[in-house]
Amino acid sequence: MSAQAAVLERTALDIRPVTARIGAEAQGITLSGQLDSAQVAAIRQALVRHKVLFFRGQHHLDEAGQEAFGRLLGELVPHPTVPSLSGTSFILDIDGSHGGGRASSWHTDVTFVDAPPEISILRGVVVPDAGGDTVWANTAIAYADLPPILRELADKLWAVHSNDYDYAASRPNARPEDLRRHNEIFTKTVYETEHPLVRVHPESGERTLVLGHFFKRFIGLNAADSRRLFELFQAHITRHENTVRWRWAPGDVAIWDNRATQHRAVDDYGDQPRIVRRVTIKGPVPVSVDGRHSIARRGAQA
């Protein structure tokens with residue numbers, strides 16, 4: 001019996017892969033701030049392996065419970081620019097009734113800072129009757145599947161990420177009030193960080209690709225060449241074979257390894273309400289394949 005299997009057996013955590021490449025449903029556990037160390041270790045082990053874990057029927061969790069559970073996985077951090085939900089310290093309220101709650105473009109959370117979160121925990125509060133799924137992509141397997149010549153190129157590239165990205169281009173259906181809110185809140189402090197295109201996962205040792213909609217340009221390349229290379233590598237990340245799609249129900253919780261995934265919320269639910277709430281766990285500064293660390297160029301960490 002493997003060490004992971006032994007831990008799962010002791011904790012009664014039943015892991016059922018959703019696909020062979022990414023995503024698993026975790027059964028047999030009720031999430032709370034009272035889990036023991038073996039249960040927490042089992043969740044972390046399964047998360048590193050499957051990249052995204054789904055927990056059905058966690059209706060008992062409220063904002064305080066979500067924060068308490070999150071603290072078991074590490075130090076909670078608020079969003080750098082968007083205020084936390086009133087009455088909480090770390091809950092990000094993602095409401096589809098405004099444009100900021102419709103993150104319908106591929107991204108890794110908060111890559112515009114030098115130390116993006118290592119884990120995100122999302123709880124379904126109000127979900128549409130139809131639509132509103134979230135899709136995740138495995139950036140580790142995307143790197144592993146690259147042709148050797150592209151892996152060699154990727155290992156050398158560094159990119160600038162910023163929250164002052166082309167919001168309108170990534171949200172073609174955005175309303176003027178959405179753009180105004182984005183400019184007033186999301187970019188009230190502008191961040192820029194240099195990240196390696198390839199980071200080494202601090203737990204698994206896997207190499208993962210760091211891209212998504214906060215990308216601005218590759219260092220040393222002009223805008224046109226940067227965009228062409230971005231589209232090339234991004235297309236490898238988001239191949240259907242590398243993704244998993246989750247149909248939300250109220251009370252569902254999704255936990256993902258932000259060091260090895262991208263995700264997007266599919267904006268196909270019209271005027272129906274969709275509210276999900278997120279907490280994030282503090283992550284380390286990414287390290288490139290040659291041992292260099294990401295560098296903050298602009299913003300609070302610079």
Would a single hydrophobic cluster contain both [Y] and [X], if residues Ile, Leu, Val, Met, Phe, Trp and Tyr are joined by side-chain heavy-atom contacts under 4.5 Å?
X: Val285; Y: Val210; result: no
X: Leu221; Y: Leu232; result: yes
X: Val198; Y: Leu150; result: yes
X: Trp106; Y: Val244; result: no
X: Ile255; Y: Val77; result: no

Counting only N and O atoms by type, is there a donor-acceptor contact under 3.5 Å from the side chain of [X] to the main-chain atoms of [Y]?
X: Asp109; Y: Pro116; result: no
X: Gln39; Y: Asp36; result: yes
X: Arg247; Y: Gly131; result: yes
X: Gln27; Y: Arg16; result: no
X: His161; Y: His195; result: no
X: Asp225; Y: Asn222; result: no
X: Arg123; Y: Leu61; result: yes
X: Thr139; Y: Ala260; result: yes
X: Gln272; Y: Asp129; result: yes
X: Asn138; Y: Arg21; result: yes

Under 4.5 Å side-chain heavy-atom separation, chaining through any Ile, Leu, Val, Met, Phe, Trp or Tyr, what else clusters with [X]? Say none if it is isolated.
X: Ile295; answer: none
X: Val126; answer: Val125, Ile275
X: Trp158; answer: Val160, Ile219

Do [X] and [Y] make a side-chain contact, defined as non-hydrogen atoms from C-beta onward lying under 4.5 Å apart?
X: Thr193; Y: Thr111; value: no
X: Asp155; Y: Tyr143; value: yes
X: Asp252; Y: Trp246; value: yes
X: Trp256; Y: Thr134; value: no
X: Ser162; Y: Val190; value: yes
X: Val52; Y: Ile22; value: yes
X: Leu153; Y: Leu229; value: yes
X: Pro284; Y: Arg199; value: yes

[X]: partners by side chain to side chain contact (heavy atoms under 4.5 Å, CB included), with sequence neighbours left out:
X: Glu203; result: Arg44, Val48, His201, Arg259
X: Arg245; result: Asp133, Val135, Val266, Asp268
X: Ala26; result: Leu13, Ile15, Phe55
X: Pro117; result: Val110, Asn258, Thr280

Exercise. Where is the tightest heavy-atom contact between Thr189 and Thr81, given as atom of each residue plus distance?
Worked result: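 Heavy atoms of Thr189 and Thr81 come nearest at O-CG2, 3.8 Å.
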Problem set entry | His50 versus Pro17, closest heavy-atom pair with distance |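 Heavy atoms only, the tightest pair is CE1-CG, 4.0 Å.
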For this session: Could you note down all residue pairs passing side chain to side chain donor-acceptor pair (under 3.5 Å) where residues 82-92 supplies at least one of them, sequence neighbours left out?
Result: none
For this session: Would you sort out whether Leu35 and Ile29 count as a side chain to side chain contact (heavy atoms under 4.5 Å, CB included), showing the intermediate values?
Result: CA-CA 9 Å; Leu35 300 182; Ile29 195 166; 4.1 Å; yes
To the nearest 0.5 Å, tell me how far [X] [atom1] sits from [Y] [atom2].
X: Glu63; Y: Ile91; atom1: CD; atom2: CD1; answer: 5.5 Å
X: Gln66; Y: Ser32; atom1: CD; atom2: OG; answer: 13.0 Å
X: Thr261; Y: His107; atom1: OG1; atom2: NE2; answer: 9.5 Å
X: Leu197; Y: Ser288; atom1: CG; atom2: OG; answer: 11.0 Å
X: Leu146; Y: Ile141; atom1: CG; atom2: CD1; answer: 11.5 Å
X: Asp114; Y: His293; atom1: CG; atom2: NE2; answer: 10.5 Å

For this session: Go through Ile121 and Val253 one step at a time and tell me if the side chain to side chain contact (heavy atoms under 4.5 Å, CB included) criterion holds.
Result: CA-CA 7 Å; Ile121 305 168; Val253 172; 3.8 Å; yes
Problem set entry | side chain to side chain contact (heavy atoms under 4.5 Å, CB included) assessment of Ile43 paired with Leu31 | CA-CA 10 Å; Ile43 290 172; Leu31 300 180; 4.2 Å; yes
Problem set entry | Validation row, ring centre Trp136 to ring centre Phe54 under 6.0 Å | yes
Problem set entry | side-chain hydrogen bond (donor to acceptor under 3.5 Å, both in side chains) between Gln234 and Gln262, intermediate numbers included | CA-CA 10 Å; Gln234 186 68 20; Gln262 286 187 26; 2.6 Å; yes
For this session: Name all residues meeting the ring-ring contact (aromatic ring centres under 6.0 Å, His included) criterion together with Phe112; count only those two or more places apart in sequence or in a different chain, and write none if there are none.
Result: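 Listed in chain order: Phe186, Tyr191, Phe214.
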Exercise. Under the ring-ring contact (aromatic ring centres under 6.0 Å, His included) test, which residues partner Phe218, sequence neighbours left out?
Worked result: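 Listed in chain order: Phe215.
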For this session: Count the heavy atoms of every other residue, nucleotide or ligand shown that sit under 6.0 Å from CZ of Arg228, and state whether that count exceeds 12.
Result: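 Atom CZ in Arg228 is not packed in, count stays at 12 or less.
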Problem set entry | Over 12 foreign heavy atoms within 6.0 Å of NE2, His240 |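 No, the 6.0 Å shell around NE2 holds no more than 12 heavy atoms from other groups.
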Exercise. Taking only residues two or more places apart in sequence or in another chain, which ones pass side-chain hydrogen bond (donor to acceptor under 3.5 Å, both in side chains) with Glu206?
Worked result: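 Counting only residues at least two positions away or on another chain, Glu206 forms a side-chain hydrogen bond (donor to acceptor under 3.5 Å, both in side chains) with Lys51, Ser204.
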Problem set entry | Set of residues satisfying side-chain hydrogen bond (donor to acceptor under 3.5 Å, both in side chains) with respect to Arg264, sequence neighbours excluded |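 Partners of Arg264 by the side-chain hydrogen bond (donor to acceptor under 3.5 Å, both in side chains) criterion, ordered by chain and then number, come out as Ser104.
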Exercise. Which is it for Val287 and Arg292 under the side chain to side chain contact (heavy atoms under 4.5 Å, CB included) test, yes or no, and what are the steps along the way?
Worked result: CA-CA 5 Å; Val287 179; Arg292 292 182 290 157; over 6 Å; no
Seminar exercise, completed: From the list Arg151, His236, Arg239, Glu241, side chain to side chain contact (heavy atoms under 4.5 Å, CB included) partner of Asp145 resolves to Arg239
